[in-house]
Amino acid sequence: MNPLADWTLEQKVGQLFILAFPGKDANAIRPLVERYNIGGCYLSQDNAATFDEARRLCADIQAMALARPSGVPALLGVDQEGAWGVLVPESTTGPGNLALGKTGDTGLTRAMYEIFGREMRFAGFNCVLGPCADINFSTRSPIIDTRAFGETPDEVAAHVAAAVQGAHRGGIAACAKHFPGHGRTDGDTHREIPVVANPLAQLLAQDIRPFAAAIDAGVDLIMTAHIRYPQVDAEHPATLSPAMLKGVLRETLGFQGIVISDSMNMGAIRRNYTPVEASLRALRAGIDMIMLSEEHYDHSASYVERQIEMIEAIVQAVRRGAFTEEELDAIVGRIVAFKQARLTVPRPPSVDFAAHRALEARAAERAVLVRTDVHGLLPLKPGQRLVVVQTVTDADYRNLMNVRGIGPNQAVPAFSCFVDELSRIWPRAAWRTLGAQEAIAEFSREGSMPDGEVIVAVTENYPLPGEDFQGAASQRQVLDLIFSRLAGRTVVVGLRSAYDAVHWPAAACGATHLAAYSSRECSARAAARILCAPRPAAPLS
């Protein structure tokens, strides 16, 4: 019996789309669900900021979806992947993938992703759009960075497999991204189509290995990258490339699950193709579900109408033979089978948030490493007087929260969490804080620093969608000034990846470097604790 026999063409096409919408009211998309049987939703902090809001929203969307004659649940996907997250600060984000990778303990990664699964299912979501399977070959990526597990294929593959297993233990579908890898480029596909010129053999041996590990672990979905690999396909980015998707992903790797696109509203696609052209090319290339062919970047009231126009355009393309109904049925059949098998796990009645926070703290603490300490500043001596320097200006935090609810969703800067934790464990009378501009003024004056004070300079970074965190310039200015005069008395507390140390002109000056590999609150607090009782120095990687 053909389960699609009674579906209209509009309902079949609707299943191909994962949409986003503004606000917290599911009625905003009622026409898309009831008339077009929309395949799912990408949900962000803009749609739900708390677990209560998420449960109401998800229940309302699923009630509409399950009331359809097809009775197929909607895919409700979220970027709960550590460095990016939803329901923050109520949810347990952990320290992020890079910090988990630096622990060298795949068991912690598995446990952290099991927490993601349990909490997101408790909220009503049924798909985590993670883990990132990208490898940090480039140390200058503005968009991957702490979202990746590390710099080598072996370590990333091991942690990706553990993450998939953990998510499944938590009862949620997992999606490895961004195939075939976003880690070699300094570009951001939110803005452009980056190019990676490496041959396929090298990609298979290195970049693609974590995706192969994810497939072996039973990953449900794989998300594509809007990056062009000219030695595989000279014309198309991976999302639109039959050679990459049908050839490499399906035939070479044998992936049988759901292939979804990264957002089709990102600059890489929107600036080079019309929405309908991009969607048709993606379907022909091997995409099963198209994410955000239209999106509410401007929170426009015409969003639903634009999405309906997109669905109708694909319907007409099928009717005129640009994409056959047989091809459509094969894709929709695969989607329906996946949903019935993987998206019907009952929502847990409760979760143990206290236990989750305890594991989060343990993971964050395990990740903190003393990378260099040639002057023996650590551990801090009892009664040691400190000057704690905020290297980011307050104005630089202005873009930390994304209006669309995508990204870290961290309203409180890591520096504030670090200072709060330090105030608990170090005598307050023994230290003072300086803002970035105060530090520049004070360190520029000769003889301004009393003997014996140790400088604790705190650095931060946050991977943001389509824009850069604004603190880079001020951090470099403050650090260069400190290094030029006080390197031997300075501890840099890196609440970010350690890749910045490679690029600082004064990196070889001999300052002590404590790396947390994360700007999450748990990592900032762990760094403060380790500052007072650190482990032995670890070799530079």
Side-chain angles (χ1 to χ4, degrees), residues 42 75 77-86 91-121 125-137 141 143-183 207-225 249 253 255 257-260 262 291 342 359-360 363 367 406-408 463 465 497 517-518 520:
Y42 171 88
L75 184 151
V78 288
D79 278 324
Q80 188 73 344
E81 45 149 279
W84 283 15
V86 295
S91 69
T92 307
T93 65
N97 290 343
L98 186 60
L100 290 171
K102 292 303 175 183
T103 70
D105 186 346
T106 55
L108 277 175
T109 296
R110 188 176 296 107
M112 199 72 247
Y113 271 77
E114 183 173 353
I115 286 173
F116 293 169
R118 292 187 185 281
E119 291 191 359
M120 294 302 99
R121 286 299 297 124
F125 307 120
N126 53 29
C127 180
V128 167
L129 297 171
C132 286
D134 309 299
I135 303 169
N136 281 334
F137 292 114
S141 172
I143 191 61
I144 302 300
D145 197 57
T146 53
R147 298 171 68 196
F149 286 107
E151 304 85 31
T152 68
D154 284 344
E155 66 180 333
V156 174
H159 284 276
V160 165
V164 172
Q165 293 161 358
H168 287 169
R169 288 183 185 181
I172 205 160
C175 174
K177 61 187 183 186
H178 307 81
F179 181 83
H182 206 317
D207 308 53
I208 294 175
R209 279 182 58 193
F211 294 95
I215 293 169
D216 289 343
V219 74
D220 307 281
L221 308 97
I222 288 181
M223 182 187 294
T224 62
L249 182 55
L253 299 184
F255 180 59
I258 303 301
V259 182
I260 70 171
D262 204 345
M291 192 165 70
R342 297 289 294 125
L359 188 137
E360 173 186 66
I406 302 171
S497 73
Y517 300 98
S518 167
R520 282 302 192 189

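Note that this is a predicted model, so its numbers are computed, not measured. Residues: numbered from 1 along the sequence shown.
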| Validation row: Leu98, Asn136 side chains within 4.5 angstrom (heavy atoms) | yes
| request: Starting from the C-alpha separation in whole Å, work towards a yes-or-no answer on side-chain contact (heavy atoms from CB on, under 4.5 Å) for Val128 and Glu81. | output: CA-CA 7 Å; Val128 167; Glu81 45 149 279; 5.5 Å; no
| message | Is it the case that the side chain of Arg520 and the backbone of Ala83 share a donor-acceptor pair, with hydrogens and angles ignored and the cut-off at 3.5 Å? | response | yes
| said: Assess the residue pair Glu155 and Ile135 against the criterion (side-chain contact (heavy atoms from CB on, under 4.5 Å)); give the C-alpha distance rounded to whole Å, side-chain angles, the decisive distance to 0.1 Å, and a yes or no. | reply: CA-CA 9 Å; Glu155 66 180 333; Ile135 303 169; over 6 Å; no
| Over all atoms of both residues, closest heavy-atom pair of Arg342 and Ile172 | NH2-O, 3.5 Å
| task | Would you check if the side chain of Lys177 reaches a backbone N or O of Leu129 as a donor-acceptor pair within less than 3.5 Å? | result | yes
| task | Evaluate the criterion salt bridge (charged side-chain N to carboxylate O under 4.0 Å, His left out) for residue pair Arg110 and Glu114; output intermediate values, then yes/no. | result | CA-CA 6 Å; Arg110 188 176 296 107; Glu114 183 173 353; over 6 Å; no
| Please walk me through it: do Ile258 and Leu75 pass side-chain contact (heavy atoms from CB on, under 4.5 Å)? | CA-CA 12 Å; Ile258 303 301; Leu75 184 151; over 6 Å; no
| said: Using a 3.5 Å distance criterion without hydrogens, assess whether the side chain of Asn97 forms a donor-acceptor pair with backbone atoms of Arg147. | reply: yes
| Taking it one step at a time, do Val160 and Tyr113 satisfy side-chain contact (heavy atoms from CB on, under 4.5 Å)? | CA-CA 10 Å; Val160 165; Tyr113 271 77; over 6 Å; no
| request: Kindly say whether Val156 contributes a backbone atom to a donor-acceptor pair with the side chain of Arg209 at under 3.5 angstrom? | output: no
| query | Are any non-hydrogen side-chain atoms of Val219 and Phe211 less than 4.5 angstrom apart? | reply | no
| said: For the backbone of Val86 and the side chain of Gln80, can you confirm whether one donor and one acceptor N or O come within less than 3.5 Å of each other? | reply: yes
| Using 30° and 60° as the class limits, which term best fits the ring planes of Phe149 and His159: parallel, tilted or perpendicular? | parallel
